[in-house]
*Asks:* 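Below you'll find the structure I mean.
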Amino acid sequence: MGTTNRIAAGLGCLAIGGVLAGITYAVERAPRERIADLEVAAVVTAAGDVEVTETLSYDFDTAERRGLLVEIPIDAPDTRREGGSIVPVREVGVASPTAPDMFDTSIRGRNAEIRVGNPSVFISGQHDYRLTYQLAGLVDPMGDGEGRLYFNVIPPLSEVPMTSASAEVLVPGPVSDTSCFFGAVGSRSRCELEITPTGDGATLVRVAPRSYDAFEGVTIDVRYQLPATLPPPVPDLPSNRQVTVAATPPDVSDLAQVAIEPGPPGVLVALVAGFPLAMLLGVGGAWSVVRRLGRDVRWSGSSVDAVFKGEGPTETVSDAEARQLVTIAFTPPRNVQPGEGVALWRLRSTEGDRVATLVDLAVRGWLVIDETDPKKPVLRWKGGDGTDQLREFEHRFLEGVFRGQPTCQLGSYDSGFATAWSALGSAIDRSVQDRGWLRPGEGQRRALGFFGGLAMAGVGLVWTLGGAAGRWPAESAVGWAVLVPGALLVGLGLGCWATLGGLRARSAQGFSVWAQVEGFRQFMAGSEGEHAREAAERGVLRQYAAWAVALDEVERWDKACSAAGVDPTDGWMVGGVGLHMGVRSLRTTTIASRTDPSSSSGGGGGGGSVGGGGGGGSRGSW
């Protein structure tokens, strides 16, 4: 190895060592907050409420914090009801022997927020808290005298890890079925529950102690015999109704015991204030560049030329200019199937495009959707000769769904249907690309953005960590000269990486189709009974129904058809459930048909996932 190479290698090693030292220093210096111990005790009342007591030891480590911050969802992602359910939080109480336990409560978005502590007093180290509250109406009567408790018993959204967490839930009746899920939100990994009858008709359900990483928790799904005294269930509150949380007067009697002198160091001030702001500017700059590079192309000329010219010179068009070129269209674009048209409209295939394709195949007479049992709809093959009229993605989808059989029942897992459904999304995307609706060169632009973004973010991170390791921000204003450029580079890099989807753009032909789809969407969004009546008279009622599904305007079109006294299903869907309810059950049952229950591990019956029930939320500090 020559002298020059040895010098270069030595400098490279020094640079790598410096970066690693900076990272190690920054990580070691950062406080490690955690929940040292959490015990959840919940009692389910005869009225279906859940009275929760949480006893936790929160370790703030060396961080200077005011106290505990608890967020409890009130708009639960409850799969029992369409759109979820409102779970009021009542009877809140907080006590601590070592920390300020004054608290206030408020509603923040979809969460009830409990902020414990004194805004003017900072604490550190480990402190014990006892938190009590009531979740109203969390039990759902299931019929046959049974109730269902679907409860995030150990918070799955806590911002800090839990060294040990356990839970006990007392339900007022014998248990018939249980499921337990642990991990991050959406996880279906199974866990074991300990079920113990208490001798007085109640049952104790236990979750054994174990550790959890940040944003991990446990959700239980318990079905039990309801007591005879259970009153009628409280109806869900409408989502726009004010939900209140009770608060207790502040108690400042013990503040002198825990008060410490506030005063975060200059490093913290610079990181908290300067770094995020500069990074946000970098992300904004990257987004602006990506949006400009990812503009659609249209044919030059008037608004009519832009949509219908079909040839000639082109020019880029911004989103604002594109919207001005759209006019309401009373018919969908010709020779465009709803699934691929809306995939182009969104610039990506989604679940809705696949449901729309299924409905469109029924509308065009290839199959019948039998909704006689909405929980188990049946697809009946009706097609015969003439499959050459189908697009390639439609033909392969039908082959995968029916596999030579005359029917396909939805509502339970079907591996063939799951494979066909999964392949349909990528096939629709491929059809959009093959038809020349997208600008060429997307792959090169995405590769440049990906690798360029990673490089900028890496340089910015090394620059910033090196400055923090040298403690420059604590010494003088030169720290801002270190943090701001580094944060800008990190923001630019992350912005380029995160906004790569914006580099996908439409060609002039694709813009023409998009403008026609958007114009027809505006028509569907404002449709009235007279429009449905005219569609029926022109014989395009079936076609419009498929586009209503694709454009998420099913409810609007269903109401328009009801006002006109016409049937939007027109024979392609049977069972008498109507277009809106039929499509809604179709969406639900296709999910069940492609979700493999065997992908979960452990014991217990039933379905669900972590974070799917009520309660839970996050635990952290402020």
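Position 1 is the first residue of the sequence, and the numbers go up from there.
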*Asks:* Of all the heavy-atom pairs spanning A536 and V566, show the shortest one and how long it is.
*Replies:* CB-CG1, 4.0 Å

*Asks:* A side-chain contact here means heavy atoms from C-beta on lying under 4.5 Å apart; do L358 and L424 qualify?
*Replies:* no

*Asks:* Using every non-hydrogen atom in the two residues, find where S300 and D305 come nearest and quote the distance to one decimal.
*Replies:* O-CB, 3.7 Å

*Asks:* Under 3.5 Å, is there a donor-acceptor pair between the side chain of S422 and the main chain of T419?
*Replies:* no

*Asks:* Answer whether the closest heavy-atom distance between the side chains of W547 and P333 falls below 4.5 Å.
*Replies:* yes

*Asks:* Determine, step by step, whether R403 and E399 satisfy the salt bridge (Lys or Arg N to Asp or Glu O under 4.0 Å) criterion, reporting the C-alpha distance in whole Å, the side-chain angles of both residues, the deciding distance to 0.1 Å, and the verdict.
*Replies:* CA-CA 5 Å; R403 304 184 298 284; E399 282 187 338; over 6 Å; no

*Asks:* Provide the closest heavy-atom pair for L541 versus C561 in the form atom of the first, atom of the second, distance.
*Replies:* CD1-SG, 4.1 Å

*Asks:* Quick check: closest heavy atoms across R542 and A362, and the distance to 0.1 Å?
*Replies:* NH1-O, 3.8 Å

*Asks:* With a 3.5 Å distance limit and no angle check, can you tell me whether S593 reaches the backbone of G411 through a side-chain donor-acceptor pair?
*Replies:* yes

*Asks:* Are E528 and K559 close enough for a salt bridge, meaning some N to O gap below 4.0 Å?
*Replies:* no

*Asks:* Indicate yes or no: does R380 engage D370 in a salt bridge with an N to O separation below 4.0 Å.
*Replies:* yes

*Asks:* Can you name the nearest heavy-atom pair linking D552 to R587, along with the distance?
*Replies:* OD1-NH2, 3.3 Å

*Asks:* Once rounded to the nearest 0.5 Å, what's the spacing between atom CZ of R323 and atom OG of S318?
*Replies:* 8.0 Å

*Asks:* To the nearest 0.5 Å, tell me how far L551 CG sits from R556 CZ.
*Replies:* 14.0 Å

*Asks:* Could you check if a side-chain atom of L438 sits within less than 4.5 angstrom of a side-chain atom of L344, using non-hydrogen atoms only?
*Replies:* yes

*Asks:* Verify side chain to side chain contact (heavy atoms under 4.5 Å, CB included) between R190 and F182, making sure each step is shown before the conclusion.
*Replies:* CA-CA 6 Å; R190 299 296 182 104; F182 77 96; 6.0 Å; no

*Asks:* Do the non-hydrogen side-chain atoms of L410 and L586 ever get within less than 4.5 Å of each other?
*Replies:* yes

*Asks:* Measure the CD-OG distance between Q433 and S507 for me, rounded to the nearest 0.5 Å.
*Replies:* 11.0 Å

*Asks:* Taking M524's backbone N and O only, do any of them form a donor-acceptor pair with S527's side chain (distance below 3.5 Å, no angle check)?
*Replies:* yes

*Asks:* So F397 and L361, do their side chains get closer than 4.5 Å, heavy atoms only?
*Replies:* yes

*Asks:* Would a distance-only check, ignoring hydrogens and angles, find a side-chain to backbone donor-acceptor pair under 3.5 Å from E553 to V549?
*Replies:* no

*Asks:* Please name all residues satisfying ring-ring contact (aromatic ring centres under 6.0 Å, His included) with F511, sequence neighbours left out, ordered by chain then number.
*Replies:* W514

*Asks:* Which atoms form the tightest heavy-atom contact between A545 and P568, and what is the distance?
*Replies:* CB-O, 3.7 Å

*Asks:* Which word best sums up how the rings of F523 and Y544 line up, parallel for under 30°, tilted for 30 to 60°, or perpendicular for over 60°?
*Replies:* perpendicular

*Asks:* Would you give the length of the straight line joining atom OG1 of T569 to atom CD of E371, rounded to the nearest 0.5 angstrom?
*Replies:* 10.5 Å

*Asks:* Take T219 and N152 through the test side chain to side chain donor-acceptor pair (under 3.5 Å) and record every step on the way to the result.
*Replies:* CA-CA 4 Å; T219 295; N152 304 323; 2.7 Å; yes

*Asks:* Rounded to the nearest 0.5 Å, what's the gap from CD1 on I220 to CZ on F181? Could you check?
*Replies:* 11.0 Å

*Asks:* Regarding W345 and E518, do their side chains bring together a donor and an acceptor under 3.5 Å, going by distance alone?
*Replies:* yes

*Asks:* According to side-chain contact (heavy atoms from CB on, under 4.5 Å), who are the partners of A418, at least two apart in sequence or on a separate chain?
*Replies:* Y413, R594

*Asks:* Is there a donor-acceptor pair under 3.5 Å between the side chain of D213 and the backbone N or O of E216?
*Replies:* no

*Asks:* At what distance, to the nearest 0.5 angstrom, does OG1 of T357 lie from CD of Q337?
*Replies:* 8.0 Å

*Asks:* Check for a donor-acceptor pair, side chain of R298 on one end and backbone N or O of V317 on the other, with a separation under 3.5 Å.
*Replies:* no

*Asks:* Answer whether the closest heavy-atom distance between the side chains of R506 and L347 falls below 4.5 Å.
*Replies:* yes

*Asks:* Walk me through it: do E394 and R364 pass the test salt bridge (Lys or Arg N to Asp or Glu O under 4.0 Å)?
*Replies:* CA-CA 12 Å; E394 296 172 326; R364 288 155 54 199; 2.6 Å; yes

*Asks:* Between R396 and E392, does the salt bridge (Lys or Arg N to Asp or Glu O under 4.0 Å) criterion hold? Intermediate values first, please.
*Replies:* CA-CA 6 Å; R396 290 186 178 276; E392 180 67 18; 2.6 Å; yes

*Asks:* Do R148 and Y150 form a cation-pi contact, if we require the NZ or CZ to be under 6.0 Å from the six-membered ring centre and within 45 degrees of the ring's axis?
*Replies:* yes

